[in-house]
Peer 1: 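My questions will all concern the structure given below.
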Amino acid sequence: MAEQDGLESMCRRRGFLWQSSEIYGGEAGFYDYGHLGTKLLENWKKEWKDFFLGLDENYHLINTPNIYPHRVLDASGHVDHFSDVMVRCERCGASFRGDHLVEEEIGENAEWMGKEEIEEKISELELSCPECGGTFSEPKDFNMMFKVSLGPTGEKSGFLRPETAQGTYINFRREFRALRKQMPMGLATIGSAFRNEISPRQGLYRMREFLQAELQIFFLPDKHEEVFKEKFEVIKDKKIRIKRADWKDTKEVELCELEGLAPFYLFHLGKIYEFYLDVMELDPEEIRVRELSEDEKAFYNKIHFDIEMDFDTLGGWKEVSGLHYRGNYDLKQHQKESNATLSVPTEEGKKIPHVIELSFGVDRNIWSLLDSGYHSNDRDWLDLPSKLAPRQAAVFPLVRKDGLPEKSREVFKKLEKDFRVTWEKSGSIGKRYARNDEVGTRYCLTVDYDTIEDNTLTIRDIERKEQIRVSIEEMNDVLSDLIEGKKGFEDYL
RNA sequence: GCGGUUGUGGUCUAGACUGGUUAGGACCCAAGCUUCCCAAGCUUGUAGCCCGGGUUCAAAUCCCGGCAACCGCACCA
């Protein structure tokens with residue numbers, strides 16, 4: 001796809017992102033963010049935190065390590081369930097999931113089977129390679145987690161976390177006390193997760209190291225129903241584009257029309273949707289909510305909707321975030337394995353809180369901004385929300401003589417403290433506009449001969465390519481009104 | 001991981017089949033000149049054959065191995 005090449009090339013040339021370790025040939029599944037990409041990433045994180053921590057005064061951010069000891073991920077089920085038994089055909093070299101082969105033969109679920117069971121079944125059923133009929137080698141465990149050894153002897157082992165969520169669950173007890181036992185309680189964290197993907201592909205979409213932004217909300221479904229009901233009441237008429245598991249098509253419906261979903265779920269679903277429309281400023285046509293079918297869902301998820309984005313560069317609808325009602329599976333597991341009490345007292349006795357998880361693949365969300373914002377028809381330009389754009393404004397002298405560079409430098413200094421802004425003088429004025437169009441600089445300010453006369457300058461809008469003239473005194477206020485969305489550019493024309 | 005295709009300055013590419021001067025071009029970038037608003041022009045400059053080995057007097061070019069990318073399959077608790 002030509003469009004995709006253009007975007008990827010721009011990302012490399014201008015400093016957004018590129019393959020990691022590139023001077024050594026690169027390594028699949030790892031990306032580096034350059035100076036512009038990192039700004040975009042940091043801005044996204046800030047807006048995400050402001051938005052989701054703002055949903056309730058008892059939602060907070062925590063930070064946890066990338067490495068967990070073996071026991072944590074044993075308890076979470078990742079050691080057992082995050083791995084597959086792979087068998088390999090000795091003749092043609094094709095690999096298969098052992099449990100799938102057995103399932104096909106016996107017609108019942110074989111996911112529980114370990115290496116030994118699979119090997120037994122394969123010889124018992126005399127299974128052979130579906131591709132060529134060859135015999136299978138000994139089954140091997142393939143775990144998607146990266147194992148690391150701890151300490152000088154290497155006797156202790158741990159894993160790079162495959163998701164940030166576990167760090168939140170194992171801190172539930174401590175934070176519940178620290179926050180004086182208030183529920184619902186939300187713990188958010190933004191951090192790296194690691195999965196040893198068999199074939200990482202499609203750029204930022206599937207990586208071996210990636211960023212997650214997650215918010216885990218702990219609550220008791222019957223006890224806190226009213227709290228969420230009240231919150232949901234405010235947004236219940238909002239429309240979302242959604243496809244339920246048993247629907248054929250995506251439909252636009254009001255949140256309150258969705259059946260079988262409790263307010264705690266609908267409230268957060270509505271808010272996630274709002275985040276995509278209002279903060280990331282994506283078109284309603286580009287995003288949808290999709291309910292996963294029974295066999296797509298993880299076993300511990302009671303309700304699971306994904307938010308999907310229609311990517312030009314990735315060939316269609318792909319998951320960018322999810323809302324998972326995990327029941328009390330996680331805390332129950334950790335209570336059992338750690339012997340720590342993770343229940344809370346209620347009138348009806350001790351109860352283990354339930355969790356609803358808001359989970360965002362940060363890199364995917366960054367890519368969705370670039371994918372959706374990149375235009376490459378008559379000119380190349382990037383349409384980013386001004387709050388997220390790495391550069392909000394750029395300042396130029398119209399020509400490099402008669403004191404205009406010096407004057408523009410003063411303007412730059414005055415803007416620098418309030419905005420993300422650059423100053424440049426090289427090339428022609430048109431070239432500078434073009435350069436800034438490409439990286440999504442929302443507003444370009446040009447100092448010309450009138451500036452010397454009357455202290456006004458022009459502000460050009462990236463989308464309209466039109467200019468307004470404002471005084472240097474007012475320019476900071478005008479820009480901040482534009483960036484905050486208090487006024488539109490057309491209001492000044 | 002399997003099969004197919006591919007890999008040349010920052011970007012896009014010519015050259016490879018048929019081995020042979022300083023690997024050519026366009027754009028970008030930087031410095032300077034010029035310039036009163038949308039990639040103008042001129043001068044100068046930085047920088048490249050994915051990596052390793054082999055064949056040969058001689059390898060970007062042929063052979064082998066590796067790495068990476070794209071597509072398909074498989075995989076994605």
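Every chain is numbered from 1 and lettered A, B, ... according to where its sequence line falls, protein lines coming before strand lines. Excluded from the calculations below are hydrogen atoms, water molecules and symmetry mates; all remaining heavy atoms, backbone and side chain alike, are included.
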Peer 1: Should the pair A/R442-A/D437 be classified as a salt bridge under the 4.0 Å nitrogen-to-oxygen rule?
Peer 2: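 A/D437 and A/R442: not salt-bridged.
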
Peer 1: Would you measure the distance from the P atom in B/G9 across to the matching atom in B/U5 and give it in whole Å?
Peer 2: 22 Å

Peer 1: Would you measure the distance from the P atom in B/A31 across to the matching atom in B/A40 and give it in whole Å?
Peer 2: 16 Å

Peer 1: What's the gap between B/G20 and B/A59 when it is taken at their P atoms, as a whole Å value?
Peer 2: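 Comparing P positions in B/G20 and B/A59 gives a spacing of 11 Å.
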
Peer 1: Any ion pair linking A/R326 and A/D330 (charged N to carboxylate O, less than 4.0 Å)?
Peer 2: yes

Peer 1: Round to the nearest Å and state the distance from A/N436 atom CG to B/C29 atom P.
Peer 2: 11 Å

Peer 1: Of the nucleotides B/U11, B/C37, B/U34, which has the atom closest to the A/R12 side chain?
Peer 2: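 Of B/U11, B/C37, B/U34, B/U11 is nearest to the side chain of A/R12.
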
Peer 1: So which protein nitrogen or oxygen atoms get under 3.5 Å of nucleotides 38-40 of chain B's nitrogens or oxygens?
Peer 2:
{"unit_1": "B/C38", "atom_1": "O2", "unit_2": "A/R460", "atom_2": "NE", "d": "3.4"}
{"unit_1": "B/C38", "atom_1": "O2", "unit_2": "A/R460", "atom_2": "NH2", "d": "3.0"}
{"unit_1": "B/C38", "atom_1": "N3", "unit_2": "A/R460", "atom_2": "NE", "d": "2.6"}
{"unit_1": "B/C38", "atom_1": "N4", "unit_2": "A/K465", "atom_2": "O", "d": "2.9"}
{"unit_1": "B/A40", "atom_1": "OP2", "unit_2": "A/S428", "atom_2": "OG", "d": "2.3"}

Peer 1: Can you see if the side chain of A/K401 gets near the phosphate of B/U35 - specifically, an N or O under 4.0 Å from OP1 or OP2?
Peer 2: yes

Peer 1: In terms of heavy-atom contacts, does CZ of A/R469 have more than 12 from other residues, nucleotides or ligands at under 6.0 Å?
Peer 2: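 Yes, the 6.0 Å shell around CZ holds more than 12 heavy atoms from other groups.
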
Peer 1: Using a heavy-atom cut-off of 4.0 Å across all strands, would you classify A/S426 as base, sugar-phosphate, or nothing?
Peer 2: sugar-phosphate

Peer 1: Between A/Q166 (CD) and B/A77 (P), how many Å, whole number?
Peer 2: 15 Å

Peer 1: Let me know, please, whether A/Y31 or A/H78 comes out on the 5' side of the other along RNA chain B by nearest nucleotide.
Peer 2: A/Y31

Peer 1: Pick the P atom in B/G54 and in B/A69, then give their distance to the nearest Å.
Peer 2: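 The answer is 28 Å between these two P atoms.
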
Peer 1: May I have all residue pairs that pass side chain to side chain donor-acceptor pair (under 3.5 Å) and include part of residues 395-407 of chain A, sequence neighbours excluded?
Peer 2: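 Only A/D402-A/Y449, A/K407-A/N455 qualify under side chain to side chain donor-acceptor pair (under 3.5 Å).
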
Peer 1: Under 3.5 Å, is there an N or O donor on one side and an acceptor on the other linking the side chain of A/D448 and the base of B/C36?
Peer 2: no

Peer 1: Which whole-number value in Å describes the distance from A/E27 CD to B/C67 P?
Peer 2: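 In whole Å, B/C67 P and A/E27 CD are 9 Å from each other.
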
Peer 1: C1' atom, B/A60 versus B/C51: distance in rounded Å?
Peer 2: 14 Å

Peer 1: Whom does B/C62 pair with, Watson-Crick or G-U wobble, provided both distances fall under 3.5 Å?
Peer 2: B/G54

Peer 1: If you measure from the Lys or Arg side-chain nitrogens to the Asp or Glu carboxylate oxygens, is any gap between A/E438 and A/R379 under 4.0 Å?
Peer 2: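 So A/E438 does not pair with A/R379 through a salt bridge.
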
Peer 1: Please figure out whether A/E197 or A/R469 has its closest RNA chain B nucleotide nearer the 5' end.
Peer 2: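 Nearest nucleotide further toward 5': that of A/R469.
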
Peer 1: Provide the Watson-Crick or G-U wobble partner of B/A16, both distances under 3.5 Å; none if there is no partner.
Peer 2: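 Its partner is none (no Watson-Crick or G-U wobble pair with both distances under 3.5 Å).
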
Peer 1: Tell me whether the OP1 or OP2 atom of B/A68 has a side-chain N or O from A/Q19 closer than 4.0 Å.
Peer 2: no

Peer 1: Which nucleotide, if any, forms a Watson-Crick or G-U wobble pair with B/C33, using both distances under 3.5 Å?
Peer 2: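 B/G41 - that is the nucleotide pairing with B/C33, both distances being under 3.5 Å.
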
Peer 1: Give me the one residue out of A/Y325, A/F219, A/F305 that meets ring-ring contact (aromatic ring centres under 6.0 Å, His included) with A/Y265.
Peer 2: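 When A/Y325, A/F219, A/F305 are each tested with A/Y265, the ring-ring contact (aromatic ring centres under 6.0 Å, His included) holds only for A/F305.
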
Peer 1: In whole Å, measure the gap between the C1' atoms of B/A30 and B/G66 for me.
Peer 2: 37 Å

Peer 1: Under a 3.5 Å cut-off for both contacts, is B/C49 paired Watson-Crick or G-U wobble with anything, and if yes, with which nucleotide?
Peer 2: none

Peer 1: Please state how far atom CZ in A/F194 lies from atom P in B/A77, giving the value in whole angstrom units.
Peer 2: 19 Å

Peer 1: A/R206 has a side chain; which of B/C36, B/C75, B/U11 sits nearest to it?
Peer 2: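 For the A/R206 side chain, the nearest candidate turns out to be B/C75.
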
Peer 1: Could you tell me the separation between the CD atom of A/E8 and the P atom of B/U6, rounded to a whole number of Å?
Peer 2: 20 Å

Peer 1: For B/C12 versus B/G65, give the span between their P atoms, rounded off to a whole number of Å.
Peer 2: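 Straight-line distance between the two P atoms is 28 Å.
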
Peer 1: Any Lys/Arg nitrogen of A/E424 or A/R435 sitting under 4.0 Å from an Asp/Glu carboxylate oxygen of the other?
Peer 2: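 Salt bridge flag = yes for A/R435 with A/E424.
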
Peer 1: Does NZ or CZ of A/R290 fall inside the cone over A/W317's six-membered ring, less than 6.0 Å from its centre and within 45° of the axis?
Peer 2: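 Ring-cation test returns no.
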
Peer 1: Under a 3.5 Å cut-off for both contacts, is B/A26 paired Watson-Crick or G-U wobble with anything, and if yes, with which nucleotide?
Peer 2: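 Partner of B/A26: B/U11.
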
Peer 1: For B/C42 versus B/U6, give the span between their P atoms, rounded off to a whole number of Å.
Peer 2: 38 Å

Peer 1: Which pairs of donor and acceptor atoms, one on a side chain in residues 158-165 of chain A, lie under 3.5 Å apart (sequence neighbours left out)?
Peer 2:
{"unit_1": "A/R161", "atom_1": "NE", "unit_2": "A/N66", "atom_2": "OD1", "d": "3.3"}
{"unit_1": "A/R161", "atom_1": "NE", "unit_2": "A/S192", "atom_2": "O", "d": "2.7"}
{"unit_1": "A/R161", "atom_1": "NH1", "unit_2": "A/T64", "atom_2": "OG1", "d": "3.0"}
{"unit_1": "A/R161", "atom_1": "NH1", "unit_2": "A/P65", "atom_2": "O", "d": "3.2"}
{"unit_1": "A/R161", "atom_1": "NH2", "unit_2": "A/N66", "atom_2": "OD1", "d": "3.1"}
{"unit_1": "A/R161", "atom_1": "NH2", "unit_2": "A/S192", "atom_2": "O", "d": "3.4"}
{"unit_1": "A/E163", "atom_1": "OE2", "unit_2": "A/Q166", "atom_2": "NE2", "d": "2.8"}
{"unit_1": "A/T164", "atom_1": "OG1", "unit_2": "A/Q212", "atom_2": "OE1", "d": "3.4"}
{"unit_1": "A/T164", "atom_1": "OG1", "unit_2": "A/E214", "atom_2": "OE1", "d": "2.7"}

Peer 1: Would A/F52 and A/F360 count as a close aromatic pair, with their ring centres under 6.0 Å?
Peer 2: yes

Peer 1: Separation of A/E22 atom CD from B/C51 atom C1', in whole Å?
Peer 2: 15 Å

Peer 1: Taking CG from A/L398 and P from B/U35, how many angstroms apart are they, rounded to a whole number?
Peer 2: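 My rounded result for the distance is 12 Å.
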
Peer 1: Roughly, in whole Å, what's the span from CG in A/L404 to P in B/C37?
Peer 2: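 Roughly 12 Å, once rounded to whole Å.
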
Peer 1: Is the ring centre of A/Y449 under 5.5 Å from the base ring centre of B/C36, and are the two planes under 30° apart, so that they stack?
Peer 2: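 Here the ring of A/Y449 and the base of B/C36 are stacked, with centres under 5.5 Å and planes under 30°.
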
Peer 1: Can you say whether a donor on the side chain of A/E163 sits under 3.5 Å from an acceptor on the base of B/A77, or the other way round?
Peer 2: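 A donor-acceptor contact between them is present.
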
Peer 1: Under a 3.5 Å limit for both distances, which nucleotide forms a Watson-Crick or G-U wobble pair with B/G72, could you say?
Peer 2: B/C2

